[in-house]
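Reading through the structure tokens given below for one structure.
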Amino acid sequence: MTVLAIVPRFLSGSRNTPEIDISQPPQPEADLGDGWPVGSYRNTTRGLGGAGLCSFALTQHGAPGSGGYREVEGGAKEERRMTGSETGASLWEARGHLPSSKMVFTARFLLPPPAPTPRVSPWPRLITLTPPPPSSYPLLGRAHSASSCLLPGQVEIGILDMAAAATAVSSTTKGNGTSGRSGPSEAGGPRKKKGPGPLATAYLVIYNVVMTAGWLVIAVGLVRAYLAKGSYHSLYFSIEKPLKFFQTGALLEILHCAIGIVPSSVVLTSFQVMSRVFLIWAVTHSVKEVQSEDSVLLFVIAWTVTEIIRYSFYTFSLLNHLPYIIKWARYTLFIVLYPMGVSGELLTIYAALPFVRQANLYSISLPNKYNFSFDYYAFLILIMISYIPLFPQLYLHMIHQRRKVLSHPEEQKKYE
Amino acid sequence: MDMNMVAREASQVMAPSINSLPRPVPPKATKKPKKAVLFFEVEILDAKTREKLCFLDKVEPNATIAEIKNLFTKSHPQWYAARQSLRLDPKGKSLKDEDILQNLPVGTTATLYFRDLGAQISWVTVFLTEYAGPLLIYLLFYFRVPFIYGHKYDFTSSRHTVVHLACICHSFHYIKRLLETLFVHRFSHGTMPLRNIFKNCTYYWGFAAWMAYYINHPLYTPPTYGGQQVKLALAIFALCQLGNFSIHIALRNLRPAGSKTRKIPYPTKNPFTWLFLLVSCPNYTYEVGSWIGFAIMTQCLPVALFTLVGFIQMTIWAKGKHRSYLKEFRDYPPLRSPIIPFIL
């Protein structure tokens, strides 16, 4: 009896989960021989455009982050424990409930997920016990209730994406803490979920493909410039424009979260993207003297490799054909790339400091009409200091995620 | 079939027994004596691990959840009652302290799921700490205590009237809040998670320090429109403070001492409460108004930013409150908006 939970891969807005009767174990169905597991959405609901566009990914409880466009960390803490294979309970015995969207949105960044059961592959599978009714596919648009924007979103797993560990911790505590102040939050009850419509998925595929292509352009540009120049110094200038364009374009991801076609938290995503954009514009672009530093190349390479893998990961996930190598790359290369990127960023900011001081860049001093002052130099130093708590948290979190996600190589190869 | 129903039925059928076999037969120890009293048995399981934590037998049918929590504390003293969240369903809503056992949809053997809410701290403690901080911190900056501004400014006093006024207003505001916490407010919840005190104090104390630094700075620039601007802003501030206080009193009078009843607030004879006609949470409206007044009076950007952040947070709270009013009361006045009349 496998331990499974049905979790929507794409969450947006109001929830209409299909009524799933878990009082009986699922009966084995005839295998249609198309390689999909028995009872899968594909082979039970062929006519319903089951191309995976409105997929409900089955994520095993114990293996969060097991594929899918956004790694859903197995739903809420409670559910996970409840149907953990270690207790021997199966879904129907465990009186399972479909996780509420709010539960799924809980970011449990630093809470290690429980050990996955060895029986079930953490691969995303299109298995539903009953197919979702077509009417539950929403139109694109923001359907969040007003309170849902308060709740921490799902964890975005990526390398430098995860820059928001600290805010995630604070946002989980906020979710618990402010429930006292802001009135009772709705917990439990019937869970309703919808995925994004086919239009949203198509748009997201295009977005991710474009971004992958963009970062590939940057990568190729770097290589060509290196070959042309013969040295690795000052390569920034050859890829300056596409770098600015595509990194700034990542701001769209905040919009995606805000309108709900991507199930991540707006706060976390903003934090991530803004930190990148800050480095590109407020440091590298603004302080021209650092553009010829080698540290710039360091973080540009780290970002390029990361982003190419990340966007191709999303593209493949959206199309439900994630090659193991991409998944492996995403969860392994960060071990080198993340420290590399952080070093590059810190060194660049450090190199920029004297020039900021000299020019009093972006600084306002007293006295002035609005009784305000801002010292950009001090601000940059504060930013550098903030890396100290953030980096280890994120790094360790990624290590944990890696252990969970990549823990069943045999089974994953089977489904490749 | 509704999931909750399935869960409840399943739980009643398959509740583990004392000797903790994986799926044992539930104890049939419920007495049905010839006498009228029927005792309940309460079994408390951990909501996450399903581990059996406590088994209470001979529980009075009219026992409240609060009493059960106290009984549970006896066996697990580290989980005092305020930390316990007991629920019928591991993912359901927490049961209220006033709920009576026999009115719950359980059989004579009730299975409750326990969640640890973490270390708790009382609301009053948090409020007092977070309001005492700004009061004292602002005064440190006002008196220009050493090491904040240059040495030549130590313990000097500003020559601008508005700076002295600002200190009076700011201090009055926080003294008012402290007194209200002690004597006026009636809290629904006794406690909140311990982490909140750090978060809240950082917010209040941090912003107070930031604002106070600029207002009491030797290079402070008084408002552009001089005395007129200050007088107008002071009037706005004073009126909004009075309004805020009136609303707090009105809300207090809605709820008798010690109770947790919720009623729709209505305007009273006090003109400041007439804002209830248009707004669900006029206390927040007046609070924002006070801070807008303070910002205009000091013409200080950090104050404006503090006002903005406070406004955003209070809007979120007001919307939540408004929604729960609407959910709870069928006859809730439709004209009311959460925080700003007609707009928000």
Side-chain angles (χ1 to χ4, degrees), chain A residues 17 19-24 75-84 86-89 92-100 103 114 145-147 149-150 169-170 172-191 364-374, chain B residues 1-4 6-11 14 22-23 46-51 87 89-94 113 115 117-118 123 187-189 191-193 195-196 198-200 213-215 217-224 298-305 313 316-317 319-321 323-325:
Chain A
T17 26
E19 278 296 307
I20 296 192
D21 182 359
I22 53 160
S23 56
Q24 302 297 324
K77 203 164 76 165
E78 304 83 47
E79 295 147 41
R80 201 188 268 147
R81 302 276 190 249
M82 184 179 85
T83 58
E86 57 265 27
T87 64
W92 43 94
E93 286 181 357
R95 314 185 268 278
H97 286 259
L98 295 168
S100 77
M103 301 285 200
S145 62
S147 67
C149 59
L150 305 179
V169 173
S170 61
T172 38
T173 57
K174 181 179 92 156
N176 296 331
T178 54
S179 60
R181 284 245 197 170
S182 59
S185 54
E186 305 156 54
R191 337 273 176 177
I364 312 171
S365 62
L366 290 175
N368 59 67
K369 202 162 69 157
Y370 296 110
N371 293 304
F372 177 67
S373 71
F374 181 69
Chain B
M1 198 196 279
D2 179 42
M3 287 300 111
N4 286 320
V6 172
R8 254 174 245 131
E9 289 179 14
S11 73
M14 303 215 244
R23 289 282 173 233
D46 186 297
K48 289 176 258 176
T49 63
R50 299 307 178 75
E51 181 200 333
R87 38 186 84 175
D89 177 74
K91 281 181 289 183
K93 277 193 167 188
S94 200
Y113 293 92
R115 275 202 79 195
L117 297 172
W123 273 64
F187 294 100
S188 303
H189 304 271
T191 64
M192 63 165 86
R195 267 188 225 102
N196 277 15
F198 301 109
K199 197 166 54 90
N200 292 2
Y213 176 79
Y214 290 107
I215 298 171
H217 201 282
L219 297 176
Y220 172 76
T221 312
T224 319
T298 54
Q299 197 168 296
C300 179
L301 188 62
V303 179
L305 290 173
Q313 177 65 84
I316 294 169
W317 290 338
K319 282 186 175 245
K321 192 107 192 94
R323 213 174 316 122
S324 52
Y325 275 145

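Per chain, numbering begins at 1; letters A, B, ... match sequence-line order.
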Which of these, B:Leu301, B:Thr221, B:Thr224, sits in a side-chain contact (heavy atoms from CB on, under 4.5 Å) with A:Lys369? B:Thr224
Considering residues at least two apart in sequence or located in another chain, which fulfil the side chain to side chain contact (heavy atoms under 4.5 Å, CB included) criterion with A:Ser365? none
Which atoms of B:Thr191 approach chain A - backbone, side chain, both or neither, heavy atom under 4.5 Å: neither
Checked B:Tyr214, B:Phe187, B:Tyr220, B:Tyr213 vs chain A; the most non-hydrogen pairs under 4.5 Å come from B:Tyr214
Closest heavy-atom pair and its distance - B:Gln299, A:Asn371: O-ND2, 3.0 Å
Among residues at least two apart in sequence or on other chains, which ones pass ring-ring contact (aromatic ring centres under 6.0 Å, His included) with B:Phe198? none
When rounded to the nearest 0.5 angstrom, what distance separates OH in A:Tyr370 from SG in B:Cys300? 12.0 Å
